[in-house]
There are 2 protein chains.
Amino acid sequence: MARRSSEDKKERILDAATVEIARHGYHQTTVAVIARRAGVADGTIYLYFKNKEEILVSLFERALGRFIAKGQEQLEGMTGAADKLRAIVDLHLTLVGQDRDLAIITQVELRHSLHFLEELSRAQVGGYLAIIAQVIAEGVASGQFRADLDPVLAGKAVFGVLDEMATDWVLSRRNTRLEAKAPEVTELVLGMVASGG
Amino acid sequence: MARRSSEDKKERILDAATVEIARHGYHQTTVAVIARRAGVADGTIYLYFKNKEEILVSLFERALGRFIAKGQEQLEGMTGAADKLRAIVDLHLTLVGQDRDLAIITQVELRHSLHFLEELSRAQVGGYLAIIAQVIAEGVASGQFRADLDPVLAGKAVFGVLDEMATDWVLSRRNTRLEAKAPEVTELVLGMVASGG
DNA sequence: CTGGAAAATGAATAGGTATTCAGTACCATA
DNA sequence: TATGGTACTGAATACCTATTCATTTTCCAG
């Protein structure tokens, strides 16, 4: 019971932080305002997080965990590099497009300092890039993709396309669905890597 | 003379800010430390800039101005959408790769809040995206590029690739030259848009 | 019931820095 | 040399908020 309630409290703090930081930005969001929204006292935050920055890190880790879980589930048992790449595009746009507050944080607030971005980039996003590169390598080996590709470089390019689509969506105020772009984006991405034809 | 010296001072402040912000991040960089490096008093900063944030804006505007000037000069008199796109890739990577401090700012520090990024994105980067979209539209019209492309979307994709390459270079500590990737990146980008073949 | 550990509270602290402004230095002109 | 205006200075101000910790509340084992 105690365990249960604690877990809930930590979740509540992360949820509150997501909303507030998305709305006002990391630096404009005070710990006090997160606490108020979460329904806890200021000091309680520090029973669950070492400091304010750790809230941001935890936020991202929680989100990426869910992201990767769904991704692996989806790619499981799928064969063919092109299909896998299609699935990645679709999943990326769908998941980012699912929660605008979270998207604001991942696309904007999380990138606010070199130190921070380096940390994230190496530890977390690196794994995601590796998966994409792996799929591309598979396609190169099978002949579906161009033989002269550098899978790592091409993987970054694919990520760059997806990331830009996500950022653009966050910055545009219109109420479009991000995943609506998936078919077109898939064509662009496959064009980059597929064997001529 | 007075004019000349003032211009110099403003430039010195921007140069100093570039170095300090690249090294310590926007929020960790105090106005005092920028002033010291520029060789002026703290208060002098406020004779040239309304506030600290305006330093960052000016920094970016100065850089983008130079960027676009070189770009237009380069594209001038060039014909053929594919060649123009090649030139854009080359120029983008070359210019970003020329000054690592500035690159840290454009790729990282400038993106630290939604408000800020929106402002930049709409007012400044929008013009750059429009140029890329224009080139793609030209290629579609001439048949060099795929007929079913949406030039605006494809333009964002191209920008996404270039931006990711730049960010990746900034985060990698190795001393590679960013423009060394230009040929490979060009192939990827052309693959996205070029007619099958 | 009850004693005490664990969890939670929120007012006080401690540290930090953007911005101001009263004063100083400089310079052109008469 | 005197005068007035402009540029510059940097110490003082004014404000802000992350974090701590003495106290209170909650919870459950005995």
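We name chains A, B, ... by the order of the sequence lines, and we start the count at 1 in each one.
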Trainee: With a cut-off of 6.0 Å (strictly less than), are more than 12 heavy atoms of other residues, nucleotides or ligands near CZ of R100(B)?
Mentor: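 Atom CZ in R100(B) is crowded, with more than 12 foreign heavy atoms closer than 6.0 Å.
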
Trainee: Taking the six-membered ring of Y46(A) as reference, does the cationic atom of K52(A) (NZ for Lys, CZ for Arg) lie under 6.0 Å from its centre and within 45° of its axis?
Mentor: no

Trainee: Could you identify which residues of residues 50-59 of chain B place a heavy atom less than 4.0 Å from some atom of DNA chain C, listed by residue number, or say none?
Mentor: N51(B), K52(B)

Trainee: Take the angle between the ring planes of H27(A) and H27(B) and call it parallel below 30°, perpendicular above 60°, tilted in between.
Mentor: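 Rings of H27(A) and H27(B): parallel, as their planes differ by under 30°.
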
Trainee: E109(B) side chain to L114(A) main-chain N or O, any donor-acceptor pair under 3.5 Å?
Mentor: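 Checking the backbone N and O of L114(A) against the side chain of E109(B), a donor-acceptor pair under 3.5 Å is found.
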
Trainee: Verify whether one side chain among D90(A) and Q74(A) offers a donor that lies under 3.5 Å from an acceptor in the other.
Mentor: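 Looking only at side-chain atoms, Q74(A) and D90(A) do not form any donor-acceptor pair under 3.5 Å.
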
Trainee: Check the angle between the aromatic planes of H92(B) and Y128(B) and answer parallel, tilted or perpendicular using the 30° and 60° thresholds.
Mentor: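 If you compare the ring of H92(B) with that of Y128(B), the planes turn out tilted.
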
Trainee: Give the B/S/- string for nucleotides 21-26 of chain C, one per nucleotide from 5' to 3', where a protein heavy atom under 4.0 Å of the base yields B, of only the sugar-phosphate yields S, and otherwise -.
Mentor: ------

Trainee: Pairing of DNA chain C as dot-bracket, 5' to 3': ( ) intra-strand, [ ] crossing, | other strand, . unpaired, with Watson-Crick or G-U pairs under 3.5 Å?
Mentor: ||||||||||||||||||||||||||||||

Trainee: Calculate the interatomic distance between L47(A) atom CG and dC21(D) atom C1'; express it in whole Å.
Mentor: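 One finds 11 Å between C1' of dC21(D) and CG of L47(A), rounded.
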
Trainee: Do D163(B) and K156(B) meet the salt-bridge criterion of a basic N to acidic O distance under 4.0 Å?
Mentor: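 Salt bridge: no.
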
Trainee: Taking T29(A) for the side chain and E20(A) for the main chain, is one N or O donor matched with an acceptor at less than 3.5 Å?
Mentor: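 Pair found, side chain donor or acceptor close to backbone of E20(A).
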
Trainee: Quick one: closest heavy-atom pair of F145(B) and V140(B), and the distance?
Mentor: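 Minimum heavy-atom contact is CB-N, 3.8 Å.
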
Trainee: Determine whether more than 12 heavy atoms belonging to other residues, nucleotides or ligands lie under 6.0 Å from atom CD of Q28(B).
Mentor: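 Atom CD in Q28(B) is not packed in, count stays at 12 or less.
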
Trainee: Return the residues of residues 20-42 of chain B meeting this criterion: a heavy atom under 4.0 Å from some atom of DNA chain D. Order them by number, or give none.
Mentor: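 Output list: V40(B), A41(B), D42(B).
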
Trainee: Within this structure, what is the CZ-to-P distance between F49(B) and dA18(C), rounded to whole angstrom?
Mentor: 15 Å

Trainee: Strictly by side chain to side chain donor-acceptor pair (under 3.5 Å), give each pair with a member in residues 129-142 of chain A just once, sequence neighbours left out.
Mentor: K84(A)-E138(A)

Trainee: So, the side chain of R146(A) versus the backbone of S195(A): is there a donor-acceptor pair under 3.5 Å, distance only?
Mentor: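 Such a contact is absent between R146(A) side chain and S195(A) backbone.
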
Trainee: Could you tell me how far apart Y48(B) (OH) and dA7(D) (P) are, to the nearest whole angstrom?
Mentor: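 Rounding to the nearest Å, OH of Y48(B) and P of dA7(D) are 7 Å apart.
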
Trainee: Who passes ring-ring contact (aromatic ring centres under 6.0 Å, His included) against H24(B), sequence neighbours left out?
Mentor: none

